[in-house]
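So you know, we letter chains A, B, ... as the sequences are listed, proteins then strands, and number each from 1. Being a predicted model, the structure only gives us computed values, none of them experimental.
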Amino acid sequence: MIRKSAAVPAAFDETPEAAPAEAHIVFEGIGKTYAGGVRALNGVSFEIRRGGVFGIIGRSGAGKSTLLRAINMLERPTEGRVRVDGVDVAALSEAELMRLRRRIGMIFQHFNLLAAKTVRENVGLPLEVAGVPAAEVRRRVDALLDLVGLSDKAEVYPAKLSGGQKQRVGIARALVHDPEILLCDEATSALDPETTASILDLLRDINAKLGLTVVLITHDMAVIRAICDEVLVLDGGDIVEQGPVWKVFGDPKGDATRALLSPLRHGLPADLAARLRPEPPPHGGHAVLALRFTGESHPEGVSLAALLALAPDAKLLHGGVDRIQGHAQGDLIVSVPVAAMRSAVGARFSPDSLKVLGYVAHDV
Amino acid sequence: MSPTMFDRYLRAFSETLTMVSISVAISIFVGLVLAVTLVATAPGGLYPRPRFNKAVSVVVNVFRAIPFIILLVALLPFTRLIVGTTLGTWAAIVPLSIHLIAFYTRIAQVSLNEVDHGLIEAAHAMGFRRWHIVRHVMLPEALPGIVGGMTVCVIAMINSSAMAGAVGAGGLGDLAIRYGYERYETEVLFQIIVILVALVTTVQFGGEWLSRRVDHRR
Ligand SMILES: Nc1ncnc2c1ncn2[C@@H]1O[C@H](COP(=O)(O)OP(=O)(O)OP(=O)(O)O)[C@@H](O)[C@H]1O
Ligand SMILES: [Mg+2]
């Protein structure tokens, strides 16, 4: 399970809305129709604020990569404008675009390291082709390999590295020009959960230390939960929703978002679902309730005393609470004797939503 | 073996070596340039020029299609223009090189096309100039295939150069035909076969060793 590292910046404890965030990357009606006629993006507009970690999620083919690649013009949008620091990137000359790209680091799912070059040469090459003197290249590469924890692998070829180590080289290479923006296209999708966690810690660390804006694409909701401040949900080339991670995760508005989030949710277990009936049984029985906490009304957590006050015989059947950006949220499935149910839904205890899923004859 | 016979062997061997090494050197250089040109000007390449690309490709195909012995004859006027004669080792080098350029261009082109597109994209993302992508990404990444192709070329050249006797270029193949075939001196034929096998084997092993040296993919 991917968890937030201990080194989470204090910014999380403030309300994210309080600080007026300066826009770093602005999308204005970005549309893209590929040569074959495939419509990848339908005119999307949003902003990415400076210094944050911004996540883009969506199903396969939703247009995430197309959107990300519009930032450094690897893919030119057919409509709209992308502004980086207020500059329309599509209007840049080839030389200017090259300079912009050096201010934007990028890492990839399959790392894209040069097999013919050592780790040191891979990381140093972008500087070398930019005409930086060899001594300076050496100094920078050493510092970066140290940052990503690969100082001992400098003279090794990428084929001899593990996936996680390759991605660390990718990160070092992406940082070599001291960029202001780091783009990550499924940077952890080819890695196991433990390696993913370490790469995410590294990204978080870099974001905090160097203050650069991170934009990442992932299929993995746990990645978003672990390191993003804000998330954008894309589906079929349209924005479904966007906002602080806790808000979108706590109370998803779109069907696409709910579908994407379902692996993280504590749904009704199958055995229980099979025993549910729509009406209460004639002699008592138990009601099965689904309580949902979105993190909005009880950000500090779910009161155990209140849970107990549901009814003395109430049982917690299934569920979990996650703390995202300081907001406790999650699903609890409880059973309550039907007789005690009315008093159960008292004023003192109010989940953000309470649903009676059904009834069971006997205690579960 | 009589001293004169030994001299003949030595001369034939050095003629073969001259023809092979010079035409291989020319072909690899020109072939690489053409291969890079073809890959770079292809649609979706670094400098897309589809029509120019098509034209170069057709020319290469024409030379690929002509059997060497026919090319040798067909090129005689051109050969005279370049080296001033249509006889001798140098006269053979012209058609040999042209034959091999077309061959090697395709081999190098395949290796260059096999370079993972993700690497080129990453280089774009890092702000590489297009020329730097050729120089630092495409060529080094394709090197194992480029070197492997050279081995194939040297061996193909050792074979083709046997036919260069037709323009009086000499060489081992010529010796084998004149003594072994025309005068029924099977001993000479056999000895030349042994020399050629040894030569080809050495080139093959040497080439494989070099390919492994430059291949860091595993
Ligand atoms: N070069 C291309 N030419 C034509 N169509 C393309 C091209 N690249 C992407 N597409 C199409 O555009 C749509 C969006 O693709 P995109 O790669 O942006 O999706 P994605 O959200 O990144 O998907 P995934 O999660 O699978 O990476 C898809 O329907 C895809 O088939
Ligand atoms: Mg993608």
Is the number of heavy atoms from other residues, nucleotides or ligands under 6.0 Å of B:Phe205 CZ greater than 12? no

Please rank A:Arg99, A:Arg102, A:Arg103 by heavy-atom pairs under 4.5 Å with chain B and give me the top one. A:Arg102

Atom NE2 of B:His216 and atom NZ of A:Lys117: how far apart are they, to the nearest 0.5 Å? 9.5 Å

Counting neighbours of CZ on A:Arg39 that are heavy atoms of other residues, nucleotides or ligands and sit closer than 6.0 Å, is the number greater than 12? yes

Between A:Ala174, A:Ala159, A:Gly170, A:Pro158, the one whose heavy-atom pairs under 4.5 Å with chain B are most numerous: A:Ala159

Just verifying a value: how many Å separate B:Glu121 CD and A:Leu74 CG, rounded to the nearest 0.5 Å? 5.0 Å

Show the nearest heavy-atom pair for residues A:Ala116 and B:Pro140, with the distance to one decimal. CB-O, 3.5 Å

A:Glu128, part contacting chain B, at a heavy-atom distance under 4.5 Å: side chain

Okay, A:Arg69 and chain B: the region with an atom under 4.5 Å from a heavy atom over there is side chain

How many angstroms lie between CZ in A:Phe111 and CG in B:Leu119, if you round to the nearest 0.5 Å? 12.5 Å

Ignoring hydrogens and geometry, is there a side-chain-to-backbone donor-acceptor pair from A:Asn112 to B:Ala122 under 3.5 Å? no

B:His124 portion near chain A, given a 4.5 angstrom heavy-atom threshold: both

Please state whether the side chain, the backbone, both or neither of B:Arg217 comes within less than 4.5 Å of a heavy atom of chain A. both

Bottom line for A:Ile104: the part with an atom under 4.5 Å from chain B's heavy atoms is backbone

Lys/Arg-Asp/Glu bridge criterion (N-O < 4.0 Å) met for A:Glu94, B:Arg129: no

Partner of A:Val129 under side-chain contact (heavy atoms from CB on, under 4.5 Å), picked from B:Arg135, B:His136, B:Met126, is B:His136

For chain B, find which of A:Leu97, A:Thr118, A:Leu114 contributes the most heavy-atom pairs closer than 4.5 angstrom. A:Leu114

Contacting region of B:Leu143 [heavy-atom separation from chain A under 4.5 Å]: neither

By a 4.5 Å heavy-atom criterion (distance strictly below it), what part of A:Leu113 contacts chain B: side chain, backbone, both, or neither? backbone

Around atom CZ of B:Phe29, are there more than 12 heavy atoms from other residues, nucleotides or ligands closer than 6.0 Å? no

dist A:Met98:CE -> B:Phe128:CZ (nearest 0.5 Å) comes out at 11.0 Å

